[in-house]
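First comes the structure, then the notes that go with it.
Lettering of chains follows the sequences in order, A, B, ..., and the numbering in each one begins at 1.
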2 protein chains.
Amino acid sequence: MDLTTAEENYLKAIYHLSDGGKKSVATNDIAAEMKNKPASVSDMLRKLGEKEVIEYRKYYGLQMTESGKRFALQTIRKHRLWEVFLVEKLNFAWDEVHEVAEQLEHINSALLIQRLDSYLNYPKFDPHGDPIPDEFGDVRARPRVHLNEMEINQTGQIVAVKDSSAAFLRYLDKVGAYIGARIKVLDKVEFDGSLEILVDQKKTLFMSKDVAGNILVQQS
Amino acid sequence: MDLTTAEENYLKAIYHLSDGGKKSVATNDIAAEMKNKPASVSDMLRKLGEKEVIEYRKYYGLQMTESGKRFALQTIRKHRLWEVFLVEKLNFAWDEVHEVAEQLEHINSALLIQRLDSYLNYPKFDPHGDPIPDEFGDVRARPRVHLNEMEINQTGQIVAVKDSSAAFLRYLDKVGAYIGARIKVLDKVEFDGSLEILVDQKKTLFMSKDVAGNILVQQS
DNA sequence: ATTTATTTTTAGCTATATCTAAAATAATTT
DNA sequence: AAATTATTTTAGATATAGCTAAAAATAAAT
Ligand SMILES: [Mn+2]
Ligand SMILES: [Mn+2]
Ligand SMILES: [Mn+2]
Ligand SMILES: [Mn+2]
């Protein structure tokens, strides 16, 4: 069975919103994520139900099927492999890759992805620190905490960002934060939850609770 | 103005069938090339006419506009650059690339193509020996030689015949040579100038100097 | 338990891109 | 010149994927 580009995009959105197929997802939330209208989502859910990639009971929400999760992970795998390609081989900045990967992820060729994976040396994480599922859909996730939840003097390494909008990524670039940076929490302001962070043992920066909430850290 | 994937594919087909926009093209021939029906072509021609990438007078044929030629060359450029990428970087065989390039050529990102071109070291020809238009649509046409003038081990693609009599064409058909065939000169006989030719990397055939003198090859 | 508000679905419309069958036009043959 | 054949276009379907507006179902508030 084959999925259309639109169906692949919906499945990917549902996969993310449902936390890997665990939770049910609201029609309105899918519409917001996809930037289209709830009526369009309802119609698509009916179609995805017919293709048995979700189990859909109208008005009562949906569950991803095993088949649906596999499809979603396959698309996510392709998206992230292309992101690695764009950054590592074509010198894209990490905030320039998303739009293009959003298109490339729909190219349909098993051989292509196999060869791309090999060419990139079987990377395990994309430029935003997100794990790349293997060809069977298995993901090696590393435990992460949100930076705003860390305590004073705790240390770790930035491994991912929740918001990968160009604006946010450019901001991080500007202040000198990046995936892989070693950080230490120097201070937390009680009043607004903002933090003072030491980056790579040399640069100090201040960030709001909001910003820190979008940064994921692997503690050490 | 933006073109859909279908429109890009039609323009590309028209460009090739019209010999670079020089000749008019028949609806039936476009349908054959695109593997769809003449009725579908008529409808698309109307749409392409409205977008002014062709000048279309119904029942009387079409002419590509300058704008149309630019669009076609842009798509051809992308197709051929991706083919080079697949062969040079991902180790695809030259006969495995077409289907994938047919998809990749529709990815829409000026930066991507710019970077890809640079990454591949600004190649001038694709793996099939076809020239890659530059970003302005300029093509460096490869000079043609008569097959009887080629040296041992040289390779190329049959692009034309000087003698287009039925007899000659029937002969070419019979021995398995055709416009577009990739050939390699395996041997040349000093005595009479006859040649041993490898066609499409599989079939060997012998031909006289006379016959070879009527075949034009684009070297690669 | 009603009423009100929110969420979700359906109905009906638009646009793209294909198809088949029929009609219109052009080209060829008699 | 008329008839026949071939080519091309139009008319009317179907499928995908979006929309708005209205209806239906569920959830929340009084
Ligand atoms: Mn996408
Ligand atoms: Mn990513
Ligand atoms: Mn194509
Ligand atoms: Mn080619």
- Salt bridge or not for B:R46 and B:E50, using N-O below 4.0 Å? yes

- Query: Among the nucleotides C:dT18, C:dT16, C:dT8, which one has an atom lying closest to any side-chain atom of B:T4?
  - Reply: C:dT16

- Within less than 4.0 Å of OP1 or OP2 of C:dT9, is there a side-chain N or O belonging to A:Y56? yes

- Message: Is the phosphate of D:dT10 approached by B:K58 (side-chain N or O, under 4.0 Å from OP1 or OP2)?
- Response: yes

- Determine: side-chain N/O of A:K47 to OP1/OP2 of D:dA17, distance under 4.0 Å, yes or no. yes

- Item | Sugar-phosphate only, base, or nothing, as touched by A:S40 at under 4.0 Å among non-hydrogen atoms | base

- Between A:G193 and A:K209, what is the shortest heavy-atom contact and its length? O-CB, 3.6 Å

- Query: What nucleotide, of D:dC19, C:dA21, C:dT18, holds the atom closest to the side chain of A:N36?
  - Reply: D:dC19

- Would you please confirm or rule out a distance under 4.0 Å between OP1 or OP2 of D:dA6 and any side-chain N or O of B:N28? no

- Distance in angstrom units between A:N9 CG and D:dT16 P, rounded: 17 Å

- Message: As a test of reading the structure: which of C:dT9, C:dT18, D:dT9 is closest to the side chain of B:P38, going by heavy atoms?
- Response: D:dT9

- Using distance alone, with no hydrogens and no angle criterion, decide if B:H106 and B:N9 have a side-chain donor and acceptor under 3.5 Å apart. yes

- Looking for any heavy atom pair under 4.0 Å, which part of the strands does B:A39 touch: base, sugar-phosphate only, or nothing? base

- Message: Could you tell me how far apart B:L62 (CG) and D:dT7 (C1') are, to the nearest whole angstrom?
- Response: 14 Å

- Task: For A:E8 and D:dT16, give me the distance from atom CD to atom C1', rounded to whole Å.
- Result: 15 Å

- Answer with base, sugar-phosphate or nothing: what part of the nucleic acid does B:D43 contact at a heavy-atom distance below 4.0 Å? base

- Message: How many whole angstroms separate atom CZ of A:R57 from atom C1' of D:dA25?
- Response: 13 Å

- Cationic tip of B:K89 above A:F85 ring, under 6.0 Å, 45° of axis: no

- Message: If the cut-off is 4.0 Å, is A:Y10 near the phosphate of D:dG18, judged by side-chain N/O to OP1 or OP2?
- Response: yes

- Note on the structure: From CD of B:E50 across to P of C:dA15 the rounded distance in Å is 12 Å

- Query: Please give, in whole Å, the distance from C:dT18 C1' to B:I30 CD1?
  - Reply: 16 Å

- Message: From NZ of B:K35 over to C1' of C:dA17, roughly how many Å is that when rounded to an integer?
- Response: 18 Å

- Task: Just compare C:dA24, D:dA17, C:dA17 and give me whichever is closest to any side-chain atom of A:A6.
- Result: D:dA17

- Among C:dT16, D:dT9, D:dT26, find the nucleotide with the atom closest to the side chain of A:Y60. D:dT26

- Message: Does A:E83 form a salt bridge (charged side-chain N to carboxylate O under 4.0 Å, His left out) with A:R80? I'd like the steps, not just the answer.
- Response: CA-CA 5 Å; A:E83 283 189 346; A:R80 292 180 181 167; 5.8 Å; no

- Counting just side-chain N and O atoms, does B:Y59 come under 4.0 Å of either OP1 or OP2 of D:dT7? no

- Round to the nearest Å and state the distance from A:M44 atom CE to D:dT16 atom P. 9 Å

- Do you see a donor-acceptor pair shorter than 3.5 Å between the side chains of A:S165 and A:D163? yes

- Message: Classify B:S42 by what it touches in the nucleic acid, base, sugar-phosphate, or nothing, heavy-atom distance under 4.0 Å.
- Response: base

